[in-house]
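Below: the structure, in structure tokens.
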Amino acid sequence: NTVTHHHHHSQVSLSHVFSPAPFYVSNYTKHCFNWLSNKLLHEHFHFSCQFISAVLTNSPADPRLNPGMPLSSSGTNSYQQGCIRVTLEDSELWKSFHTIGTEMIITKHGRRMFPQCSISLSGLQPLANYVVMVDIVPADNVKYKLAVRHSSKEQWEVAGKSEPQPPCRTYIHPDSPAVGSHWMKQSLSFLKMKLTNNTLDQHGHIILHSMHRYYPRFHVIQADSPHTVCWGSFQTFSFPETVFTAVTAYQNPKVAIKRHVFPMHCLALHYSFYFGLST
DNA sequence: TCTACTATCACATTTGAAGCGA
DNA sequence: ATCGCTTCAAATGTGATAGTAG
């Protein structure tokens, strides 16, 4: 509890170690690092997300960056359909990126998403088997280009009709199939899902077009295996704040802050100071 | 020249296997 | 044998950069 308490109040002191310095990290500090990363990885991630949210939220919101899909003002981050309720994890982080225009890197060999797709489920039948999967579908039917920087303040502008979409691929959560009680026990992460712009991809990654807008859809299917999916039991959920523009390189430098704001070794060093360990 | 895309780099982070002692 | 833990190295993932294609 002491560690956690300190953890959540360490923003100010951490700012002193943000600047890259030639830290010497001893083996003993590495012990500390390993222990802390095991114990606090989960908390660190969420705290880091909060921090990034705070940084991004300081930027003035510009609705023009996301003309296709305005956020509803209701502020709810869960969606109920029938009995099943799906809640988007890290909703505040998604919204923070959304206000400045979320971008997702796509590469030839596949890139993970940040923020990651992570949801929690409720309302499932505890003993029934379910398959949970994600696909990513176009948010509109146009493609975009970057506005000429010195002639306009708007970053994106429409550049014609969208390219024909390659066959839609799905990413099946690796726990599938599993019983409802398993899915509801803790949140599900689609961390390892990868996005590619390689239309000939052989690895099963999700194929997208650069400079197009998409959003992820989450499917919850009552089925005993991915091969015996019954179409009637298909339920689909999506969240407006998860809309993103696929890019091959970040266009808005703000969206690239990710780890650089709060790298792990800063956490380790911070705690090594806190515990009075030499570095 | 300009924009979108790609290969490469340095290094952060994860993963997995081996070692060790209680 | 098993467990918890450390140690080490290989594998993987990342954004920045510089270069390429059209």
Side-chain angles (χ1 to χ4, degrees), chain A residues 14 17-49 51-52 55-56 93 97 100-118 142-152 154-163 166 171 174 189-201 203-214 244-272 275 277 279:
Chain A
L14 272 168
V17 293
F18 278 175
S19 58
F23 290 112
Y24 171 68
V25 181
S26 69
N27 281 336
Y28 201 40
T29 309
K30 286 179 183 172
H31 290 217
C32 184
F33 166 81
N34 285 331
W35 180 80
L36 285 164
S37 61
N38 287 333
K39 296 288 183 191
L40 298 172
L41 192 60
H42 192 68
E43 286 180 35
H44 165 237
F45 179 76
H46 284 283
F47 179 63
S48 193
C49 288
F51 189 88
I52 292 172
V55 172
L56 294 181
L93 181 65
F97 276 98
I100 63 168
T102 310
E103 297 172 15
M104 292 288 174
I105 294 283
I106 58 177
T107 67
K108 185 176 174 183
H109 298 294
R111 200 75 140 195
R112 294 181 177 180
M113 296 173 71
F114 189 90
Q116 59 173 280
C117 287
S118 187
V142 297
K143 61 183 174 186
Y144 294 84
K145 69 173 183 181
L146 280 175
V148 179
R149 291 173 205 278
H150 49 267
S151 70
S152 168
E154 286 197 51
Q155 191 172 9
W156 298 104
E157 56 188 39
V158 174
K161 200 173 181 308
S162 60
E163 303 291 329
Y171 177 85
S189 168
F190 297 90
L191 176 73
K192 297 197 173 179
M193 178 171 70
K194 285 186 172 181
L195 313 181
T196 183
N197 59 345
N198 181 7
T199 51
L200 303 176
D201 175 76
H203 303 284
H205 299 146
I206 292 181
I207 301 171
L208 302 178
H209 280 128
S210 184
M211 316 307 274
H212 288 57
R213 283 204 178 138
Y214 299 91
F244 62 88
T245 308
V247 296
T248 54
Y250 286 127
Q251 305 303 323
N252 182 345
K254 283 178 189 165
V255 306
I257 68 172
K258 289 192 182 182
R259 299 155 198 274
H260 287 273
V261 168
F262 198 26
M264 289 295 281
H265 73 267
C266 285
L267 185 75
L269 286 164
H270 177 75
Y271 280 113
S272 63
F275 288 117
L277 306 174
T279 58

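Heavy atoms only: backbone and side chains are in, while hydrogens, waters and symmetry mates are out. Sequence lines set the chain letters: A, B, ... in the order given, protein chains first and strands last, and positions in each chain run from 1.
Proximity of A:K108 to the phosphate of B:dA7: a side-chain N or O atom is located under 4.0 Å from OP1 or OP2. Within the 4.0 Å cut-off from OP1 or OP2 of C:dT12, not a single side-chain nitrogen or oxygen of A:R112 is found. Under 4.0 angstrom from either OP1 or OP2 of B:dT6 there lies at least one side-chain N or O belonging to A:N197. Taking only side-chain nitrogens and oxygens, A:S210 comes nearer than 4.0 Å to OP1 or OP2 of B:dC5. Here A:K192 does not reach the OP1 or OP2 of C:dT12: none of its side-chain N or O atoms lies under 4.0 Å away. Between A:Y250 and the phosphate of C:dA16, there is no side-chain N or O to OP1/OP2 separation shorter than 4.0 Å.
Among the atoms of the strands shown, only primed sugar atoms or phosphate atoms (P, OP1, OP2) are found under 4.0 Å from some heavy atom of A:K194.
Computed from coordinates, the A:H205 NE2 to C:dG13 P distance equals 8 Å when rounded to whole Å. Rounded to whole angstrom, the span from the CE atom of A:M211 across to the C1' atom of B:dC2 amounts to 13 Å. The distance between atom CG of A:L146 and atom P of B:dC5, rounded to the nearest whole Å, is 10 Å. Rounded to a whole Å, the CH2 atom of A:W156 is 10 Å from the C1' atom of B:dA4. Remark: P of B:dC5 and CD1 of A:I105 are 11 Å apart, rounded to the nearest angstrom. Look at CG on A:L208: it is 16 Å from C1' on B:dC5, rounded to the nearest Å. Put simply, CD on A:Q251 is 14 Å from C1' on C:dA16, counting in whole angstrom units. Following rounding to the nearest Å, A:H203 (NE2) and C:dG13 (P) show an atom-to-atom distance of 11 Å.
Contact check for A:K194 versus A:R112: side-chain heavy atoms found under the 4.5 Å cut-off. Considering only heavy atoms from C-beta on, A:F244 stays 4.5 Å or farther from A:F97 through its side chain.
When the side-chain contact (heavy atoms from CB on, under 4.5 Å) test is applied to A:H203, the partners found at least two apart in sequence or on another chain are A:D201, A:H205.
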Margin query: Between A:H209 and A:K143, does the side-chain contact (heavy atoms from CB on, under 4.5 Å) criterion hold? Intermediate values first, please.
Written below: CA-CA 9 Å; A:H209 280 128; A:K143 61 183 174 186; over 6 Å; no

Next item on the list: Could you walk me through whether A:R213 and A:W156 pass the side-chain contact (heavy atoms from CB on, under 4.5 Å) test, one step at a time?
Entry: CA-CA 11 Å; A:R213 283 204 178 138; A:W156 298 104; 3.7 Å; yes

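The 5' end of DNA chain B is approached more closely, in terms of each residue's nearest nucleotide, by A:H109 than by the other of A:L191 and A:H109.
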